Amino acid sequence: MAGDPSCWSHIFYENENATESEPMTKSTKTVKSSGAKTSGSKATGAKGSRSKSAGNGVGGIPRDIEKFLSDNDARIRNELFDLLRIPSVSAKSDHNGDTKRAAEWVKASLDKIGVPAKIYPTAGHPVVVGEWRKAQGAPTVLIYGHYDVQPAEPLELWTSPPFEPTVRDGKIFARGSVDDKGQLFLHVKALEAHLATRKKLPVNVVVIAEGEEEIGSEHLASFVEQQKKLLHADAVVISDSAMFAPGLPSILSSLRGLAYFEINVQGPAGDLHSGSYGGAIVNPAMALARILATFHDENGHIAIPGFYDNVREWDPKIREQMRSLPFDDKTLMKEAGVDALAGEKGYTTLEKLWTRPTCEVNGLLSGYTGEGAKTVLPAKAMAKVSCRLVPDQDPADVEKLMKAHVARVAPKGVKVDVQTLHGGRPWRAELSGPIFDAARRALRAASGKEPVITGEGGSIPVVGDFERILGAPVLLVGFGLPGENAHAPDEWMSEENFRLGMRAMATLWDEYAGGGRREAGGGKREEET
């Protein structure tokens, strides 16, 4: 997951659009992962706490699927806990053995349910691919997730050990519980529900699980390029995100891209005495401040010429849906510890966060910053600057615009250099077509609520890679919740949402089989057609 989502659970209007169902676990007692079913738990679905609401809409969760998932609830949770116990921290070389072990665990789990899998080595951590292609004439779905996790440090801030799953108040606490082992595993169990009850799937499926998402998916794009025929699909489905708020099933519509720069301003050969030289020599710190001040106008618009040229406008209907979401600016200000919000005039806060580009200073360094006074005129100054991008902005184009603008506004007497450190393309779904229509029906059937359309201010580069390389639409539907501490101590996932996710995804394949069959290329691989 690309960074922690904002804590929307503290920001949406209190009690508005709250879920009608009770929490999956009523007990407030801490429950260790012994395998016993949590006291008071209720399975979501036709015979669970959502049975009445799920019966509305399109008829709810299929009865055989619901029965299987309910009957196997304790076993499924035990298996998830086994995966969560593996400290597959991709960023640390001393965990390479654990990362490999997690890949082997995922492969064995897929093999066991009847989706034969293979481990593919890369220059980094391995990729697991499982295939089931026996639904003749049906569409093919690629399901993506990652089995690697963030480092757990600082360990002392965890209430319970990060790699010993613990249930408290209906939340599964463990590193990777929501990002992304829990969300990957719910897809595996949704597939198992079909194969165990019906001996087949309504669609063809390819499951790909990587072990480098938390370190930038360095080798995934090249793997997808190399294995394009193997991974050929009519749609890609990813669960590595959060719902907007409890009780609001969500479809993620957009991700911002990134263009990251370092601006270096060099003045005199070395630091100078500010009394002897100040007033006659151009101060690099002041020069940098003047450059940065040109990035925005008085209305919060980015003032770099050409910056907005390729910004694609949003459908007014989608903007209206975003404006209707229960969101409170005052609560956001309180949460952030500020007394005012900023940004482009004419847009709501959520639109600013999800649909508009930014240009932000991430870091500044110049002169003397130690204790006390030292009267120097600094020799150099540096700023880290990131631009969040929206469709159809290209990081390479923004790089050219940034460099041209800085060169134009830089004062004489200093040398200015702009280095590009990182870039990633933005992504936006069209939200039309069989996979999106099926997702709406499946989420409504499983939750009893109409799904809302949300955006994400961060970046997940792999989404654009799949769309670009495979030419297939990408559905982002997550079952995390705001404030789940995805990259922080006490990471958790809602037990209720884990169960909801299994049922929604199992229902999705039935729904997509009908709507997607007409447009599918069949279940065969590209080289077989």
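We're numbering straight along the sequence, starting at 1. These numbers were taken from a predicted model, which means no experiment stands behind them.
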Subject >> T348 side chain reached by F327 side chain, heavy atoms, under 4.5 Å >> reply: no

Original post:
Judged by atom type as modelled, is there a donor-acceptor pair below 3.5 Å linking the side chain of E210 to the main-chain atoms of S217?
Top reply: no

Subject >> Check: C387 and Q393 side chains under 4.5 Å, non-hydrogen atoms >> reply: no

Original post:
Which class fits the ring pair F163 and H95: parallel under 30°, tilted 30 to 60°, perpendicular over 60°?
Top reply: tilted

**OP:** Evaluate side-chain contact (heavy atoms from CB on, under 4.5 Å) for L84 paired with I172, printing each intermediate quantity in order.
**Re:** CA-CA 10 Å; L84 293 174; I172 302 170; 4.0 Å; yes

**OP:** Taking the side chain as every heavy atom from C-beta outward, state whether P395 and Y260 have any atom pair closer than 4.5 Å.
**Re:** no

Original post:
Would a line drawn from the ring center of F185 to the ring center of W105 be shorter than 6.0 Å?
Top reply: yes

**OP:** Could you tell me which non-hydrogen atom of A504 sits nearest to which non-hydrogen atom of A442, and how far apart they are?
**Re:** O-CB, 3.5 Å

Original post:
Side-chain contact, heavy-atom cut-off 4.5 Å: R428 with V390?
Top reply: no

**OP:** Spell out, as yes or no, whether a donor-acceptor pair under 3.5 Å connects the side chain of E491 to the backbone of D179.
**Re:** yes

**OP:** Could you tell me whether K181 and E214 make a salt bridge, using a distance below 4.0 angstrom between a side-chain N and a carboxylate O?
**Re:** no

Original post:
Do any N or O atoms from the side chain of N485 and from the backbone of D490 form a donor-acceptor pair under 3.5 angstrom?
Top reply: yes

**OP:** Calculate, to the nearest 0.5 Å, the distance between atoms CZ and CH2 belonging to R256 and W427 respectively.
**Re:** 14.5 Å

**OP:** State, yes or no, whether a side-chain contact exists between V477 and V237 at a heavy-atom distance under 4.5 Å.
**Re:** yes

**OP:** Taking the side chain as every heavy atom from C-beta outward, state whether H125 and I215 have any atom pair closer than 4.5 Å.
**Re:** yes

**OP:** Sort out for me which residue in I143, T140, V236 forms a side chain to side chain contact (heavy atoms under 4.5 Å, CB included) with V206.
**Re:** T140

Original post:
Would a distance-only check, ignoring hydrogens and angles, find a side-chain to backbone donor-acceptor pair under 3.5 Å from T375 to S274?
Top reply: no

Original post:
So, do S253 and W314 sit near enough that their side-chain heavy atoms are less than 4.5 Å apart?
Top reply: yes

Subject >> Distance-only polar pair, side chains of Q266 and N264, donor-acceptor under 3.5 Å >> reply: no

Subject >> Reported CG-to-CG distance for the pair L377 and N283, which is rounded to 0.5 angstrom >> reply: 4.5 Å

**OP:** Considering only NZ, NE, NH1 and NH2 on the basic side and carboxylate oxygens on the acidic side, decide whether K92 and E153 come within less than 4.0 Å.
**Re:** yes

Original post:
Could you give the distance from OH (Y144) to CG (L476), rounded to the nearest 0.5 Å?
Top reply: 10.5 Å

**OP:** Ignoring hydrogens and angles, tell me if any N or O in the side chain of D180 forms a donor-acceptor pair with the backbone of G145 under 3.5 Å.
**Re:** no

Subject >> side-chain hydrogen bond (donor to acceptor under 3.5 Å, both in side chains) partners for K403, two or more places apart >> reply: E399

Original post:
Would a distance-only check, ignoring hydrogens and angles, find a side-chain to backbone donor-acceptor pair under 3.5 Å from E484 to L481?
Top reply: yes

Original post:
Do the side chain of Q183 and the main chain of S241 share a donor and acceptor less than 3.5 angstrom apart?
Top reply: yes

Original post:
Which atom pair, heavy atoms only, marks the closest approach of V414 to G267?
Top reply: CG1-CA, 4.1 Å

Original post:
If you round to the nearest 0.5 Å, how far is CG of L252 from CG of L431?
Top reply: 9.5 Å

Original post:
Going by heavy atoms in the side chains, are N497 and M243 under 4.5 Å from each other?
Top reply: yes

Original post:
NZ of K380 to CG of D417: how many Å apart, nearest 0.5 Å?
Top reply: 12.0 Å

Original post:
Regarding E344 and H301, is there a side-chain donor-to-acceptor distance under 3.5 Å anywhere?
Top reply: yes

Original post:
Does Q150 offer a backbone N or O that forms a donor-acceptor pair with the side chain of R175 under 3.5 Å?
Top reply: yes

**OP:** Give a yes or no on whether a salt bridge exists between E225 and R468, defined as a side-chain N under 4.0 angstrom from a carboxylate O.
**Re:** yes

**OP:** For the pair E351 and R323, find out whether any cationic side-chain nitrogen is under 4.0 Å from an anionic carboxylate oxygen.
**Re:** yes

Original post:
So which heavy atom on P473 is nearest to which on F436, and how close?
Top reply: CB-CE1, 4.1 Å

**OP:** To the nearest 0.5 angstrom, please state how far the SG atom of C359 sits from the CG atom of L292.
**Re:** 8.5 Å

**OP:** Specify the closest pair of heavy atoms between S254 and G455, including all atoms of both residues, with the distance to one decimal.
**Re:** OG-CA, 3.7 Å

Subject >> Under 3.5 Å donor-acceptor, Q419 side chain and E262 backbone >> reply: no

Original post:
If you take all heavy atoms of A472 and A233, which pair is closest and at what distance?
Top reply: CB-O, 3.5 Å

Original post:
Is the closest side-chain donor-acceptor distance between T99 and D148 under 3.5 Å?
Top reply: no

Original post:
Looking only at atom types and distance, does a side-chain atom of S250 sit under 3.5 Å from a main-chain N or O of L248, one as donor and one as acceptor?
Top reply: yes

**OP:** Quick one: sort the F223 and Y120 rings into parallel, tilted or perpendicular, breaks at 30° and 60°.
**Re:** perpendicular

